[in-house]
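Step one of this worksheet: look at the structure below.
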Amino acid sequence: MKQLAEVRLRPAFVVREDPAPAGSDRKLPERKFRPPSTRLVTSRGSLLRFALLTYFEAQTQLHPGQSHVSNSRPLVWAGGTDIGWIDLLAEDTRDNKAHDKKTTYLDAPAKMLDQLKGSVKRLARPENELVALPGGAKSANKYEHFHLLHEGGRRDHGANVRYVVPRDGEDYFTVPVELFTHGWIHVLEESELALLLVSAYQSSVTGGSFQMTSEERLRRHGLSPSAFDRHQFLSSLGLLEVIPHVMRTSAGKMIGYEKPEPHPSTGAVSKTGLVPHTLNFLAEGFKELALPAACGVLDV
């Protein structure tokens, strides 16, 4: 296993090259028009978390430029010194006790294995196309030895290609390896992870701080207003720097701003005069252990 300082991700995982079709400045585009990082996010899901773990795991095994031609890690530990994919998860799973004849008893490990298989299955679906099942969808062990596909996921034309670790000199951005090794991947909500990925990408483009309009946030990143609102919490954890504009209150409202009248024919409201927060991705913040840091902020 290689020692990593950072994990490389291609921009296609977090940003659309072409903006999604125009819509409301508050409503997310349909999932099919979002990049994979936000397409995978659901309110109680862990699919984005698992996808990130697969890229981390691949880069501990492969060098830049190498293809993910095989996946020898079993879903469940089979003895020896290796570990299974299930050991990389940290789910809050409890035994499902049977209360009547219609309820099947499942212990926590069995439930975690079901969740793991479900994640692999969903990543392999045509709308995501982030992994492939070499044995085929009808194989008895269809989820074993899955291999990764390009992190851009589903293409408009043609099948996705096999995943290759981003090469030196290729267009990629990075997240600190401590996102995984210090537990942040398991402590943060998926919407928070999505915002951090977008922030890491944006900071890589600008070389530091950045601003995003609501149109860019929605149409290029598929990032919801509620996910973006997590920037204050991530700031309290030391993972993001938030610099409010001098004309914004602590609650984010513009001082003296008067909402313009809707356009008489289209009904659209101009956003002229609204200045977004300035953000900066703080890689150093991940050097703290996630659980103590989060408990300290939440006072638990």
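No more than 12 heavy atoms of other residues, nucleotides or ligands lie within 6.0 Å of CD in Glu17, so this atom counts as exposed by the packing criterion.
To the nearest 0.5 angstrom, Trp184 atom CH2 is 9.0 Å from Leu196 atom CG. To the nearest 0.5 Å, the span separating CG on Leu47 from CZ on Arg125 amounts to 9.0 Å. Considering NE2 of His157 and CZ of Arg155, their distance stands at 9.0 Å, rounded to 0.5 Å. Rounded to the nearest 0.5 angstrom, Leu239 CG and Glu284 CD are separated by 11.5 Å. Note that the CG atom of Asp18 and the CZ atom of Arg219 stand 10.0 Å from one another [nearest 0.5 Å]. Note that CG of Leu240 and CG of Leu195 are 5.5 Å apart. Values are rounded to the nearest 0.5 Å.
Considering only heavy atoms from C-beta on, Arg31 comes within 4.5 Å of Thr42 through its side chain. Proximity of Met212 to Val198: side-chain heavy atoms (C-beta onward) are separated by under 4.5 Å at one or more points. Side-chain contact check for Arg154 versus Asn160: every heavy-atom pair is 4.5 Å or farther apart. Put simply, the side chain of Pro292 reaches to within 4.5 Å of the side chain of Leu289, judged on heavy atoms. In this structure, the side chains of Glu6 and Pro176 stay at 4.5 Å or more apart for every pair of heavy atoms. Contact check for Leu197 versus Leu52: side-chain heavy atoms found under the 4.5 Å cut-off. Taking 4.5 Å as the limit, every side-chain heavy atom of Leu48 sits out of range of all side-chain heavy atoms of Thr38. You'll find the side chain of Thr174 stays beyond 4.5 Å of the side chain of Ser204, heavy atoms only.
Under a hydrophobic clustering in which Ile, Leu, Val, Met, Phe, Trp and Tyr are joined whenever their side-chain heavy atoms come within less than 4.5 Å, directly or via other members, Phe13 and Val205 fall into the same cluster. Note: the hydrophobic cluster containing Leu291 does not contain Leu89 (ILVMFWY, side chain heavy atoms under 4.5 Å, direct or indirect links). Residues Val187 and Phe233 do not share a hydrophobic cluster, clusters being chains of Ile/Leu/Val/Met/Phe/Trp/Tyr side chains in contact below 4.5 Å. By the criterion of side-chain heavy atoms lying less than 4.5 angstrom apart, applied directly or through intervening Ile, Leu, Val, Met, Phe, Trp or Tyr residues, Tyr172 is not grouped with Leu193; the two fall into different hydrophobic clusters. If you chain together hydrophobic residues whose side chains sit under 4.5 Å apart, Leu62 and Val164 never meet in one group.
No hydrogens or angles considered: nothing links the side chains of Arg49 and His186 as a donor-acceptor pair under 3.5 Å. Side-chain N/O atoms of His150 and Glu129 include no donor and acceptor closer than 3.5 Å.
The cationic atom of Arg217 (NZ for Lys, CZ for Arg) lies less than 6.0 Å from the six-membered ring centre of Phe228 and within 45° of the ring axis.
Annotation for Leu218 and Leu28: closest pair CD2-CD2, 3.8 Å, computed over non-hydrogen atoms. Closest of all the heavy-atom pairs between Leu237 and Leu188 is CD1-CD2, 3.9 Å. Taking each heavy atom of Gly152 and Pro36 in turn, the nearest pair found is O-CG, 3.4 Å. Counting all heavy atoms, side chain and backbone alike, Gly183 lies closest to Ala290 at C-CB, 3.4 Å. Counting all heavy atoms, side chain and backbone alike, Tyr201 lies closest to Pro11 at CE1-CB, 3.7 Å. Heavy-atom minimum distance, Val41 versus Ser37: CG2-O, 3.3 Å.
Side-chain atoms of Arg10 never come within 3.5 Å of backbone atoms of Ala12 as a donor-acceptor pair (strictly under, hydrogens ignored). Using a distance-only test at 3.5 Å, with no hydrogens or angles considered, a donor-acceptor pair links the side chain of Glu170 to the main chain of Arg167. When atom types are taken as modelled, the side chain of Ser203 and the backbone of Ala200 share no donor-acceptor pair closer than 3.5 angstrom. Gln202 places no side-chain N or O within 3.5 Å of a backbone atom of Phe210 that could act as its donor or acceptor partner. Judged by distance alone, the side chain of His147 and the main-chain N or O of Ser70 form no donor-acceptor pair under 3.5 Å. Gln59 places no side-chain N or O within 3.5 Å of a backbone atom of Phe56 that could act as its donor or acceptor partner. At least one donor-acceptor pair under 3.5 Å links the side chain of His221 to the backbone N or O of Val14. Under a 3.5 Å cut-off, the side chain of Arg34 and the backbone N or O of Pro29 do form a donor-acceptor pair. Counting only distance, with no hydrogens or angles, the side chain of Asp87 and the backbone of Gly84 share a donor-acceptor pair below 3.5 Å. At least one donor-acceptor pair under 3.5 Å links the side chain of Asn128 to the backbone N or O of Arg122.
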Derivation of the side-chain contact (heavy atoms from CB on, under 4.5 Å) call for Leu75 and Lys117: CA-CA 8 Å; Leu75 296 183; Lys117 290 179 178 179; 4.1 Å; yes

May I have the step-by-step check of ring-ring contact (aromatic ring centres under 6.0 Å, His included) for Phe146 and Trp85, ending in yes or no? CA-CA 11 Å; Phe146 64 89; Trp85 280 101; 5.1 Å; yes

Derivation of the side-chain contact (heavy atoms from CB on, under 4.5 Å) call for Leu123 and Ser119: CA-CA 6 Å; Leu123 289 181; Ser119 293; 5.5 Å; no

Starting from the C-alpha separation in whole Å, work towards a yes-or-no answer on side-chain contact (heavy atoms from CB on, under 4.5 Å) for Val131 and Leu149. CA-CA 5 Å; Val131 307; Leu149 301 178; 5.6 Å; no

Does Leu148 form a side-chain contact (heavy atoms from CB on, under 4.5 Å) with Arg162? I'd like the steps, not just the answer. CA-CA 6 Å; Leu148 304 185; Arg162 195 180 291 271; over 6 Å; no

List the steps, then state whether ring-ring contact (aromatic ring centres under 6.0 Å, His included) holds for Phe281 with Phe286. CA-CA 10 Å; Phe281 181 76; Phe286 292 87; 5.5 Å; yes

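A salt bridge links Arg8 and Asp168; the closest N-O separation between the charged side-chain nitrogens and carboxylate oxygens is under 4.0 Å. Under 4.0 Å is where a charged nitrogen must lie from a carboxylate oxygen, and between Glu57 and Arg73 at least one such pair does.
Judged as a salt bridge (charged side-chain N to carboxylate O under 4.0 Å, His left out), the pairs with a partner in residues 176-196 (not counting sequence neighbours) are, in order, Glu178-Lys287, Glu192-Arg230.
Residues that satisfy the side chain to side chain donor-acceptor pair (under 3.5 Å) test with Ser224, not counting sequence neighbours, are Ser226. For the side-chain contact (heavy atoms from CB on, under 4.5 Å) test, residues two or more places apart in sequence or in another chain that qualify with Arg220 are Val15, Pro19, Glu216.
With respect to Val242, the side chain to side chain contact (heavy atoms under 4.5 Å, CB included) criterion is satisfied by exactly one of Ser235, Ser236, Ser209: Ser235. If you run side chain to side chain contact (heavy atoms under 4.5 Å, CB included) between Leu130 and each of Phe50, Tyr163, Tyr55, only Tyr55 comes through.
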